[in-house]
Peer 1: 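So that we are looking at the same thing, I have put the structure below in structure tokens.
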Amino acid sequence: MKLDYIKITNEKGGVMQGGNQSNFSKNIRRSGCGMIAACDMLLYKQDKKAVSDIEYSKFVNDNSRSFFYRRHFNLIGVAAYRIVKFLRKQGYSFRFVPRRKLKGDTLERLIKETLDSGTPVIVRVGLNGKKLPYKVFYTVNGRVSQGTLSWHYITVTGMENGIMTYSSWGATGEMAVADLQKNLGFMGGIIIPKSTDRSDKI
């Protein structure tokens with residue numbers, strides 16, 4: 001399963017896979033990955049899967065001023081509950097599932113169920129000592145970047161045979177669910193719709 005995630009185009013024909021916090025002001029560059037994930041999710045749920053970079057910048061900046069950075073400096077990033085609250089205000093019911101409730105096969109199962117329902121999964125990678133490796137491809141310019149993730153939001157857009165496809169920084173990457181589970185970190189977890197199967201009362 002791989003979802004058709006939002007695409008942001010520029011005047012030169014370049015395409016980003018979701019937004020990139022690095023293209024915005026200092027505060028957003030420093031701590032805006034959660035806000036970008038929330039804005040991208042909202043566009044996706046509103047079926048606006050192809051927008052220009054001008055439209056996208058206005059959309060993000062409007063929400064930055066009206067909700068995310070109106071009274072907050074977000075020195076350590078946007079809290080998961082505020083992403084949930086933001087989406088709820090737009091009419092979409094989501095919930096945050098913390099790492100402690102994602103043991104065994106629960107993480108992979110919930111990601112699969114959410115993707116199968118047609119919705120991406122926002123993942124909050126918590127403090128993990130920078131132990132989660134990543135490698136992403138920037139479709140807008142062909143550049144490849146790699147390193148380690150800690151205290152960062154990514155959005156999972158697909159999964160097959162235990163390998164997730166995800167979006168971050170306007171780029172795409174792949175990651176094993178097992179690696180994510182091992183290094184989800186302190187305060188890590190996932191943001192999924194409330195309608196996702198809750199048979200185990202998580």
Side-chain angles (χ1 to χ4, degrees), residues 3-11 14-98 111 114-115 117-126 136 138-140 149-158 165-173 187-196:
L3 302 178
D4 182 20
Y5 199 49
I6 69 168
K7 296 176 175 60
I8 302 162
T9 58
N10 62 31
E11 60 184 10
V15 180
M16 292 195 305
Q17 307 294 318
N20 184 351
Q21 71 198 75
S22 300
N23 294 337
F24 292 89
S25 63
K26 180 179 178 181
N27 281 342
I28 298 175
R29 286 198 305 270
R30 180 181 58 198
S31 61
C33 57
M35 183 187 73
I36 294 295
C39 287
D40 288 358
M41 179 68 80
L42 180 56
L43 286 171
Y44 181 90
K45 297 299 287 185
Q46 293 177 339
D47 204 29
K48 298 175 182 176
K49 298 178 184 176
V51 297
S52 72
D53 55 355
I54 295 173
E55 292 175 291
Y56 184 78
S57 292
K58 183 179 186 306
F59 181 78
V60 170
N61 284 320
D62 285 350
N63 283 296
S64 169
R65 288 189 292 267
S66 66
F67 185 84
F68 286 99
Y69 287 85
R70 182 176 56 185
R71 297 177 181 175
H72 302 267
F73 292 103
N74 302 312
L75 292 176
I76 59 172
V78 174
Y81 82 89
R82 291 185 56 228
I83 293 177
V84 170
K85 182 178 180 181
F86 169 75
L87 293 170
R88 186 185 302 126
K89 284 173 66 71
Q90 313 302 322
Y92 300 99
S93 184
F94 280 74
R95 61 187 172 118
F96 176 67
V97 184
I111 290 175
T114 304
L115 293 173
S117 75
T119 299
V121 176
I122 297 176
V123 177
R124 186 184 202 187
V125 179
V136 294
Y138 290 84
T139 53
V140 72
L149 287 179
S150 179
W151 209 246
H152 184 64
Y153 286 93
I154 64 175
T155 300
V156 177
T157 59
T165 302
Y166 66 93
S167 171
S168 183
W169 301 298
T172 60
M187 294 185 71
I190 59 175
I191 296 173
I192 58 177
K194 276 193 174 182
S195 58
T196 303

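For this chain, numbers begin at 1 and follow the sequence in order. This structure is a prediction, so every number in the text was calculated from the model and none was measured.
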Peer 1: Without swapping roles, check the side chain of R29 against the backbone of F24 for a donor-acceptor pair under 3.5 Å.
Peer 2: yes
Peer 1: Any side-chain donor-acceptor pair under 3.5 Å between Y56 and N10?
Peer 2: no
Peer 1: If I take atom CZ from residue F59 and atom SG from residue C39, how far apart are they, to the nearest 0.5 angstrom?
Peer 2: 5.0 Å
Peer 1: Are more than 12 heavy atoms from other residues, nucleotides or ligands located less than 6.0 Å from atom NZ of K49?
Peer 2: yes
Peer 1: Who passes side-chain contact (heavy atoms from CB on, under 4.5 Å) against S168, sequence neighbours left out?
Peer 2: H152, I154, Y166
Peer 1: Are the side chains of I122 and F94 in touch, meaning some heavy atoms are under 4.5 Å apart?
Peer 2: no
Peer 1: Calculate, to the nearest 0.5 Å, the distance between atoms CD1 and CZ belonging to I191 and R124 respectively.
Peer 2: 8.0 Å
Peer 1: What pair of heavy atoms forms the shortest contact from I8 to D53, and how long is it?
Peer 2: CG2-CA, 3.6 Å
Peer 1: Can you see which heavy atom on G126 is nearest to which on S150, and at what distance?
Peer 2: O-OG, 3.5 Å
Peer 1: Side-chain contact test, heavy atoms from C-beta onward, threshold under 4.5 Å: evaluate it for M35 versus Y153 and give yes or no.
Peer 2: no
Peer 1: In Å and rounded to the nearest 0.5 Å, what is the CG to NZ distance from L42 to K89?
Peer 2: 12.0 Å
Peer 1: So which atom in Q46 and which in Y92 form the shortest heavy-atom distance, rounded to 0.1 Å?
Peer 2: CG-OH, 3.6 Å
Peer 1: Are Q90 and F86 side-chain neighbours, meaning at least one heavy-atom pair lies under 4.5 Å?
Peer 2: yes
Peer 1: Looking only at heavy atoms, what is the nearest atom pair of D40 and G18, with distance?
Peer 2: OD2-CA, 3.4 Å
Peer 1: Donor-acceptor pair, T155 side chain versus A37 backbone, under 3.5 Å?
Peer 2: no
Peer 1: Do K48 and I6 come within less than 4.5 Å of each other through their side chains, counting heavy atoms only?
Peer 2: no
Peer 1: Could you check whether any side-chain N or O of S167 sits under 3.5 Å from a backbone N or O of Q17, counting only pairs where one atom can act as donor and the other as acceptor?
Peer 2: yes
Peer 1: Would you call V156 and L115 a side-chain contact if the rule is heavy atoms closer than 4.5 Å?
Peer 2: yes
Peer 1: Does some side-chain heavy atom of N23 sit less than 4.5 Å from a side-chain heavy atom of M16?
Peer 2: yes
Peer 1: Mind listing the closest non-hydrogen atom pair of C33 and Q21 along with its distance?
Peer 2: CB-OE1, 2.9 Å
Peer 1: Spell out, as yes or no, whether a donor-acceptor pair under 3.5 Å connects the side chain of S117 to the backbone of T114.
Peer 2: yes
Peer 1: Would you name the heavy atoms of G118 and Y44 that are closest together and state the gap between them?
Peer 2: O-OH, 2.9 Å
Peer 1: So V60 and I36, do their side chains get closer than 4.5 Å, heavy atoms only?
Peer 2: yes
Peer 1: Using side chain to side chain contact (heavy atoms under 4.5 Å, CB included), reason through R95 and I192 one step at a time and then give a plain yes or no.
Peer 2: CA-CA 6 Å; R95 61 187 172 118; I192 58 177; 3.6 Å; yes
Peer 1: Do I83 and F96 come within less than 4.5 Å of each other through their side chains, counting heavy atoms only?
Peer 2: no
Peer 1: Give, for atom CG of L87 and atom CZ of R82, the distance between the pair rounded to the nearest 0.5 Å.
Peer 2: 12.0 Å
